[in-house]
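Down below is the structure, laid out as structure tokens.
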Amino acid sequence: MSDSLLAVLNSQQKKAVTLPVSNPPAHGLILAGAGSGKTRVLTTRAAWLLATGQSAPHAILAVTFTNKAAHEMRSRLASMTTVSLHALWIGTFHGLCHRMLRLHHQEANLPKTFQILDRADQLSAIKRLVKEMSVDDEKHPPRDLLYFIDAHKEEGIRAYAVEAWDNFSRQRKEIYEAYEAQCQREGAVDFSELLLRAHELLSSNEPLRRHYQERFRHILIDEFQDTNRLQYEWLQLLAGKETTLFAVGDDDQSIYAFRGAKIGNMRDFERRYAGERIIRLEQNYRSHGNILGAANALIRHNRERLGKNLWTEADAGEPIRVFPACSDLEEAAAIAEEIDALKQDGNPYDSVALLYRANAQSRALEHELFIRAIPYRVYGGLRFFERQEIKHALAYLRLIANPADDTAFLRVVNFPARGIGARALESLQAIARQRHTCLYDAAASLSGKAGMAVSGFIRVVNLLRQEKARLTLSELVEQMLESSGLTAHYQADRKKENQERLENLDELINAAALFTAGETDMAESTADPLLAFLSHASLEAGEYQAGINESAVQLMTVHAAKGLEFDHVFITGLEEGLFPHDNAVDDNAQEEERRLMYVAMTRARRRLYLTRAESRLLHGQRRYCLPSRFFQEIPSEFLKNAFSSSFSRASMSDAAAERNAAPSFPPEKTPELPGGLRIGMNVRHATYGFGVIVDAEIQCAEEARVQVNFGSNGMKWLALPQARLEAA
DNA sequence: TGGGAGTGCTTTTTT
DNA sequence: AGCACTCCCA
């Protein structure tokens, strides 16, 4: 059993996987370069522990950084072993801490129904607090306060322990204190609070700590370079005398220092635990030689490194293709043409990834892909559970679960509009403050016209609270959408965006049904499916994707691409100020940008494209940009100018021709079609919905036909007189 | 009270 | 440019 597990590993990987467990305590640190089989080693380590009988499933704890990684690890592990993994804990730091807090909510001094605040919730809670405290929000912008609070929590510092030396810092400390009190009163827990509360729970409760220390004999940690101080300390609390820590990481891929990740944790881990048991995985199985050589050369410009050099047995492969475009539009067009060429050569769309530094860059790329009917999917950006209409719906659900949730209350008390205005809410908040109750409870005492309006809202929530027991989760969601008036509200005005919102609300019902059918993890920590669903929505906002997986080009930020790999990768927007980003001013930040570029490059298996634009529309203004310094940091022997495809302007690798081409883009005027339509115009069709005209055939006005891309409803040829298209 | 116009700001990411 | 938030008017 264990032999077949190990057979596919190289000697270093094997050494890592089989690091002896006994002669206590034998910890290990695996420095695993990009594409060196990091996930495989981590997963095989767990499988090996199980297969050799050195560990029972319940004695293993595996920590990852993202939900995606956690899911992948569980499914890969499931395929490697016949043992039931039910008792094995795999999750993100936040997910695992949440689980502990649900299981021990009493010991953690939290109500059973505590709710998780995502960033947007947290920000609105802070805004509300700032208003209530009459804080000058010019002096203390809510956003700054959020960073201040989060940063302290992630260093493990409570409000009382914050050092204050002048008026300004005293005020911030006070606001932090008030924020803690408000969250506690409302049963609200933000992301960093999950970590801090779980940490405090373990450090203050010795029996509980001992319980977990004795339970978890093997702690496996992925992406260790991204852990912050609090996460590292939480791990240390969990590690008892008999526990072994097995950490995998790559300092060259640390890209979250800007939000508190400490690369120094790796050195500390080395000193404190790993000692001599450090294993380097330097053989890369992913990329061709040129790609790897270029990435190695780039990262050598960083000073702060533990040191490591990747090599591969693969041949050099193709050179890295560089394309300088004159504008962001041309950059997008060139990429789209190249994707078409790749597709012609038999490469599926999903073998291609478009990476960029900032989410805002996706728009131009998306537009071009849409015009050319190249299927694509954008990862990140606005996630399903973060959409406005979904947040409204979730607020109703949160009130059903926990009426003390004032953030949720305020979000929907007057949405859809019920005639409850600012004045009514002010008096309601005054009552609540005076009686130390939540808004929901205070509502009963509100008199007059405002009282009537609010009590209508309370009735809706109350009714749903009663219905909750008899309905399944998805029925409850459906019922809520009806009786809250959300569905009716979006139906009232048949705009394009409302149509989309209704579809999303429908999708929420699906998501609830799917969740009930699939989720097992949460069931253990809370018996209430509604609570579990709400936690899921906060913790895995991005995980839920509506629709099926057709083969599509993948668009995402470089951050989101970490841990993934693709045959063909385009790194776009390689300009000074964008990548590396303007915000990266000091040396540390510059090195982080370079690590980011290193991550981006090492995603590619076969072909890597580097593109840039000489001018780009940014914040509504055209900016002229210099090439990224990264071009100079990659030896030219790895690079080749221009594209391989027949892109019309690609032959112009010399700068002069390039500049000449500038005025010809965006494209030449298209002839006007009957009815005032043009190619490229957005239109609406009674059956297919919204689309864009991509082509036309005109014999005469009576026989004109247009080709319209209706997005998910497909590409259609329509006879113009019959189609009744209206400009949208 | 609610919608519409006007103003000001825009941060890389994940949980 | 696009969006969120504010202010003003019906």
Side-chain angles (χ1 to χ4, degrees), chain A residues 63-70 91-98 116-124 127 137-138 141-144 146-147 150 153-154 189-196 198 223 226-228 230-231 254-261 328 355-364 367 379-383 385-386 388 414-425 449-450 453 493 497 535-543 556-563 573 577-585 589 592-593 595-597 599-600 616-623:
Chain A
V63 194
T64 64
F65 223 71
T66 65
N67 291 305
K68 204 178 202 169
T92 62
F93 280 101
H94 293 85
L96 295 166
C97 288
H98 167 252
I116 302 170
L117 303 185
D118 67 15
R119 251 186 93 103
D121 299 329
Q122 191 185 3
L123 193 62
S124 72
K127 281 180 184 165
D137 63 0
E138 305 252 303
R143 200 183 200 88
D144 289 4
L146 188 146
Y147 282 125
D150 264 4
K153 283 192 182 181
E154 289 187 356
V189 173
D190 62 40
F191 284 137
S192 33
E193 183 73 25
L194 286 171
L195 300 175
L196 183 51
E223 308 276 16
D226 284 332
T227 52
N228 65 29
L230 194 54
Q231 289 162 336
S254 161
I255 54 177
Y256 288 104
F258 73 95
R259 58 152 224 248
D328 44 353
L355 308 184
Y356 35 80
R357 179 67 177 80
N359 274 311
Q361 287 168 255
S362 75
R363 190 163 286 147
H367 183 73
Y379 289 86
L382 192 59
R383 298 132 188 281
F385 285 108
E386 289 170 1
Q388 184 208 102
N414 198 36
F415 194 95
R418 299 185 175 86
I420 299 162
R423 210 175 312 145
L425 287 179
K449 221 172 95 190
D493 193 352
E497 51 169 47
S535 301
H536 168 82
S538 301
L539 287 171
E540 304 199 13
E543 222 48 35
M556 64 192 85
T557 63
V558 181
H559 282 93
K562 187 159 81 152
L578 197 58
F579 199 4
H581 199 274
D582 262 339
N583 287 5
V585 279
E592 179 143 317
E593 293 291 305
R595 290 194 295 268
L596 203 49
M597 181 65 182
V599 168
R616 179 177 298 276
L617 220 48
L618 209 66
H619 305 315
Q621 268 159 9
R622 187 150 290 281
R623 283 216 331 203

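Lettering follows sequence order; numbering is per chain, from 1.
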Nearest-Å distance for atom pair [atom1]/[atom2], residues [X] and [N]:
{"X": "Leu617(A)", "N": "dT10(B)", "atom1": "CG", "atom2": "C1'", "value": "14 Å"}
{"X": "Phe258(A)", "N": "dT15(B)", "atom1": "CZ", "atom2": "C1'", "value": "12 Å"}
{"X": "Ile255(A)", "N": "dT13(B)", "atom1": "CD1", "atom2": "C1'", "value": "8 Å"}
{"X": "Asn228(A)", "N": "dT15(B)", "atom1": "CG", "atom2": "P", "value": "14 Å"}
{"X": "Leu146(A)", "N": "dT13(B)", "atom1": "CG", "atom2": "C1'", "value": "14 Å"}
{"X": "Asp118(A)", "N": "dT13(B)", "atom1": "CG", "atom2": "C1'", "value": "14 Å"}
{"X": "Glu386(A)", "N": "dT15(B)", "atom1": "CD", "atom2": "P", "value": "10 Å"}
{"X": "Arg623(A)", "N": "dT10(B)", "atom1": "CZ", "atom2": "P", "value": "15 Å"}

*Should Asn67(A) be listed as having a side-chain N or O under 4.0 Å from OP1 or OP2 of dT15(B)?*
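Answer is yes, contact under 4.0 Å.
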*Thr557(A) side chain N/O closer than 4.0 Å to the phosphate oxygens (OP1, OP2) of dT13(B)?*
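Affirmative; the distance criterion is met.
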*Kindly indicate whether the side chain of His94(A) and the base of dT15(B) share any N or O donor-acceptor pair separated by less than 3.5 Å?*
yes
*So how far is it from Leu123(A) CG to Leu117(A) CG, rounded to the nearest 0.5 Å?*
11.0 Å
*Are side-chain heavy atoms of Gln231(A) and Val63(A) found at a separation under 4.5 Å?*
no
*Between Ser538(A) and Glu593(A), which has a closest nucleotide on DNA chain B that is more 5'?*
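This one resolves to Glu593(A).
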*asked:* Judged by each residue's nearest nucleotide on DNA chain B, which is more toward the 5′ side, Leu596(A) or Glu154(A)?
replied: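 Closer to the 5' end of DNA chain B: Leu596(A).
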*Compute the ring centroids of Phe258(A) and His559(A), then answer whether they are less than 6.0 Å apart.*
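Phe258(A) vs His559(A): aromatic centres under 6.0 Å.
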*Do Ser538(A) side-chain atoms and Ile116(A) backbone N/O form a donor-acceptor pair below 3.5 Å?*
yes
*So, does Asp150(A) use its side chain to make a donor-acceptor pair with the main chain of Ser192(A) at under 3.5 Å?*
no
*asked:* Counting only side-chain heavy atoms from C-beta out, which of dT13(B), dT1(B), dT15(B) sits nearest to Phe191(A)?
replied: dT15(B)
*Closest to the Tyr147(A) side chain: dT13(B), dT15(B), dT1(B)?*
dT13(B)
Return the minimal non-hydrogen interatomic distance between [X] and [Y], and the atom names on each side.
{"X": "Cys97(A)", "Y": "Leu194(A)", "value": "CB-O, 3.5 Å"}
{"X": "Asp121(A)", "Y": "Asp118(A)", "value": "N-OD1, 2.9 Å"}
{"X": "Asn359(A)", "Y": "Thr557(A)", "value": "OD1-CG2, 3.4 Å"}

Quick one: label [X] by what it contacts on the DNA or RNA (base, sugar-phosphate, nothing), any heavy atom closer than 4.0 Å.
{"X": "Ala560(A)", "answer": "sugar-phosphate"}
{"X": "Phe65(A)", "answer": "sugar-phosphate"}
{"X": "Asn359(A)", "answer": "sugar-phosphate"}

*Listed by chain and number, what are the salt bridge (charged side-chain N to carboxylate O under 4.0 Å, His left out) partners of Glu154(A), not counting sequence neighbours?*
none
*Cation-aromatic face contact Lys562(A)/Tyr256(A), 6.0 Å, 45 degrees*: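 Judged by the rule, Lys562(A) and Tyr256(A) form no cation-pi pair.
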I'd like a list of close polar pairs between nucleotides 3-5 of chain C and the protein, N/O only, cut-off under 3.5 Å.
from   : atom 1 : to        : atom 2 : distance (Å)
dC5(C) : OP1    : Lys127(A) : NZ     : 2.9

Below 3.5 Å is the cut-off: list the nitrogen or oxygen pairs between protein and nucleotides 2-8 of chain B, distance only.
from   : atom 1 : to        : atom 2 : distance (Å)
dG2(B) : OP1    : Gly419(A) : N      : 2.5
dG2(B) : OP2    : Asn414(A) : ND2    : 3.0

